[in-house]
Protein chains: 2
Amino acid sequence: MARMAAKDRREELIAAAFRVMVRDGVTKATTRAIVNEAKMPLGVFHYCFSSREELLQEVLTRFTARSADAARNALQEGGDLGLRVSKSLGAFWDGVERGPGEHQVTYELTHYALRQAGFEELARRQYQSYLEVHQGLLMEAAEAEGIRWTVPVPVLARYLNAVLDGLILCWLVDRNGEDSREVLRLTGEHLLTLAERKE
Amino acid sequence: MARMAAKDRREELIAAAFRVMVRDGVTKATTRAIVNEAKMPLGVFHYCFSSREELLQEVLTRFTARSADAARNALQEGGDLGLRVSKSLGAFWDGVERGPGEHQVTYELTHYALRQAGFEELARRQYQSYLEVHQGLLMEAAEAEGIRWTVPVPVLARYLNAVLDGLILCWLVDRNGEDSREVLRLTGEHLLTLAERKE
DNA sequence: CCGCATGTTGGTCGCTCGTCCAAGACGCTG
DNA sequence: CAGCGTCTTGGACGAGCGACCAACATGCGG
């Protein structure tokens, strides 16, 4: 095998773990499956990571950041608030339908973390991050449109996060994209009724 | 060990698996952990079940039925539609906070089923069941109150299911019951705006 | 009372897993 | 060129897993 800095190998292993998890699920992402995906001998693993858990921690934080980015990037500009909201939700949903595995893994990791001693904090940070992103987007939109929300932003962020999370989960199971988009539309309309012009 | 019909032993093993899963998670519910919980020798397991998967199927369908019952039982009667909705959502949430582990296992089982070849159908039935329960409750409420929903009931059911599912998931992680109940209140109010008096 | 279906038991097989290690190869620095 | 830190590799380990089985116990129907 070509000589490579341990740091670089770590990155490749994380990327490989990423692919294995999306393809086969978190539980199937064994040390052997990961090094196999990365085309490396098994011994490499514990030269780069002190344990499998260490890699999982790394992967979890990166998935969290990725999801947050995905939500942020879905934000669409231009038009009035209504158009803006519906376009943003639509863009977010396009991302979901384009790469469902990624979201699926995110949930799997959350549940894994909730059960693993010492990982609870990571799960908490994960959802803390989601809520913060939603709060940020809501406040941004409010500022840009000159409105304010008639409901506390943290509550609104939790509501938005819940709808999206629950909707994705349901869609992962039954793949009913039509009704899912209808729910999204409904939620968007609801959001509009919670905005009032700033005097 | 006292002599017992295989049928009865199956039930006890299922109950034991139930307890192990709620306490330690689905992945920890090994054949050994389950027979240990049931205080039976290991050999019993494959005398009562042809495989661990067979037991998991059984457990999954029972969890599904249990969740559906929990939702149905949360339905509160009396008062106008507004009171009815908010009391029902509140009762449902009380159940969640009283026994979080049960819901947690439900999610774990869903994700397990989504990854396990031949189990996808069970996950689909699980969410099909949830959606049907919500549809039923919505139609029941509409009939009793003499209103009709301005949004197709399947969409509304999916919306309700998504909010509850997503909210529970978020709460399982950060245990913020206060904001969660606020979201519930918000959702209840939203529901009311989607009902119109039947002419 | 015998025979047979049914239930019980402890041990064992083969496999996969995370982890560890010894021995060697590489390549920079002095 | 010698020395040394860094990296590479294949194999081995002990533990835990699902599954299986042979031998034995029980109790009911004839």
Side-chain angles (χ1 to χ4, degrees), chain A residues 1-21 23-60 105 108-109 111-113 115-119 122, chain B residues 1-21 23-60 108-109 112-113 115-119 122:
Chain A
M1 198 96 209
R3 218 179 155 78
M4 194 185 308
K7 266 280 175 197
D8 297 338
R9 243 180 232 289
R10 268 177 76 101
E11 292 306 314
E12 289 206 14
L13 282 172
I14 291 170
F18 206 91
R19 293 194 298 273
V20 173
M21 287 184 192
R23 189 189 338 117
D24 303 323
V26 171
T27 61
K28 303 281 185 59
T30 64
T31 54
R32 284 169 177 80
I34 293 167
V35 296
N36 195 45
E37 169 78 20
K39 297 191 213 304
M40 298 179 188
L42 177 57
V44 166
F45 192 95
H46 282 87
Y47 182 74
C48 297
F49 295 94
S50 69
S51 71
R52 178 174 176 266
E53 290 200 358
E54 190 189 330
L55 175 139
L56 282 177
Q57 279 196 25
E58 202 68 46
V59 172
L60 176 47
V105 171
E108 290 174 7
L109 283 172
H111 290 296
Y112 171 86
R115 293 290 189 185
Q116 202 72 9
F119 272 65
L122 266 91
Chain B
M1 200 93 208
R3 218 179 153 81
M4 195 185 307
K7 267 279 175 196
D8 297 338
R9 240 177 235 291
R10 270 178 74 102
E11 292 306 313
E12 288 206 15
L13 283 172
I14 290 170
F18 205 92
R19 293 195 298 273
V20 173
M21 286 185 193
R23 187 186 344 114
D24 303 323
V26 171
T27 61
K28 303 280 185 58
T30 65
T31 54
R32 284 169 176 80
I34 293 167
V35 295
N36 195 45
E37 170 78 20
K39 298 193 212 307
M40 298 179 189
L42 178 56
V44 167
F45 193 93
H46 282 87
Y47 182 72
C48 298
F49 296 94
S50 69
S51 71
R52 178 175 175 265
E53 290 200 357
E54 190 190 330
L55 174 136
L56 283 177
Q57 279 195 25
E58 204 66 47
V59 172
L60 177 46
E108 290 174 8
L109 282 172
Y112 171 84
R115 293 290 190 186
Q116 201 71 8
F119 272 65
L122 265 89

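Keep in mind that this is a model prediction, so the values were computed, not measured. Letters A, B, ... are given to chains in the order of the sequence lines, protein chains preceding strands, and every chain is numbered from 1.
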Would you compute the distance between atom [atom1] of [X] and atom [atom2] of [Y] and round it to the nearest 0.5 angstrom?
X	Y	atom1	atom2	value
His111(A)	Thr27(B)	NE2	OG1	12.0 Å
Tyr112(B)	Leu60(B)	OH	CG	10.0 Å
Leu109(B)	Met21(B)	CG	CE	5.5 Å
Ser51(A)	His46(A)	OG	NE2	6.5 Å

- Residues in contact with DNA chain D, drawn from residues 26-41 of chain A - heavy-atom cutoff 4.0 Å: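 Of all residues in residues 26-41 of chain A, the ones placing a heavy atom under 4.0 Å from DNA chain D are Arg32(A), Pro41(A).
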- For DNA chain D, which residues in residues 6-13 of chain A have a heavy atom at a distance below 4.0 Å?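 Going residue by residue through residues 6-13 of chain A, the ones with a heavy atom under 4.0 Å of DNA chain D turn out to be Ala6(A), Arg9(A).
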Which residues share a side chain to side chain contact (heavy atoms under 4.5 Å, CB included) with [X], sequence neighbours left out:
X	result
Thr30(B)	Arg32(B), Ala33(B)
Arg115(A)	Gln104(B), Val105(B), Glu108(B)
Asp24(A)	Val20(A), Lys28(A)
Ala16(B)	Arg19(B), Ile34(B), Glu37(B), Ala38(B)

- Item | Heavy-atom side-chain proximity of Glu12(B) to Met40(B) below 4.5 angstrom |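 Counting from C-beta outward, Glu12(B) and Met40(B) do come under 4.5 Å.
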- Task: Determine whether Tyr47(B) and Arg9(B) make a side-chain contact, defined as any pair of heavy atoms from C-beta on separated by less than 4.5 Å.
- Result: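 Side chain of Tyr47(B) against side chain of Arg9(B), heavy atoms only: no contact under 4.5 Å found.
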I'd like a list of close polar pairs between nucleotides 28-30 of chain C and the protein, N/O only, cut-off under 3.5 Å.
none

Measure [atom1]/[X] against [atom2]/[N] and give the value in whole Å, please.
X	N	atom1	atom2	answer
Leu55(B)	dG18(D)	CG	P	11 Å
Phe45(B)	dC17(D)	CZ	C1'	12 Å
Asp24(B)	dC17(D)	CG	P	12 Å
Leu42(B)	dG16(D)	CG	C1'	12 Å
Arg52(B)	dC17(D)	CZ	P	9 Å

Close N or O pairs between protein and nucleotides 27-30 of chain D (under 3.5 Å):
none

- Message: Is His46(B) close enough to dC20(D) that one of its side-chain N or O atoms is under 4.0 Å from OP1 or OP2 there?
- Response: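 Checking dC20(D) against His46(B), no side-chain N or O comes under 4.0 Å of OP1 or OP2.
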- Message: Over the length of the helix from dG3(C)-dC28(D) to dG30(C)-dC1(D), how much do the five-pair end axes diverge, rounded to 10 degrees?
- Response: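 Computed from the C1' atoms at both ends, the axes differ by 10°.
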- Test side-chain hydrogen bond (donor to acceptor under 3.5 Å, both in side chains) applied to Glu54(A) - qualifying residues, sequence neighbours left out: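 Residues passing side-chain hydrogen bond (donor to acceptor under 3.5 Å, both in side chains) with Glu54(A): Arg10(A), Ser50(A).
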- Task: Among dT12(C), dT8(D), dA12(D), find the nucleotide with the atom closest to the side chain of Tyr47(A).
- Result: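 Selected nucleotide (nearest to the side chain): dT8(D).
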- Between Phe49(B) and Ile14(B), does a side chain to side chain contact (heavy atoms under 4.5 Å, CB included) hold up when you go through it step by step? CA-CA 10 Å; Phe49(B) 296 94; Ile14(B) 290 170; 3.9 Å; yes
- side-chain contact (heavy atoms from CB on, under 4.5 Å), paired with Thr31(B), selected from Leu55(B), Leu42(B), Val44(B):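 Only match with Thr31(B) under side-chain contact (heavy atoms from CB on, under 4.5 Å): Leu42(B).
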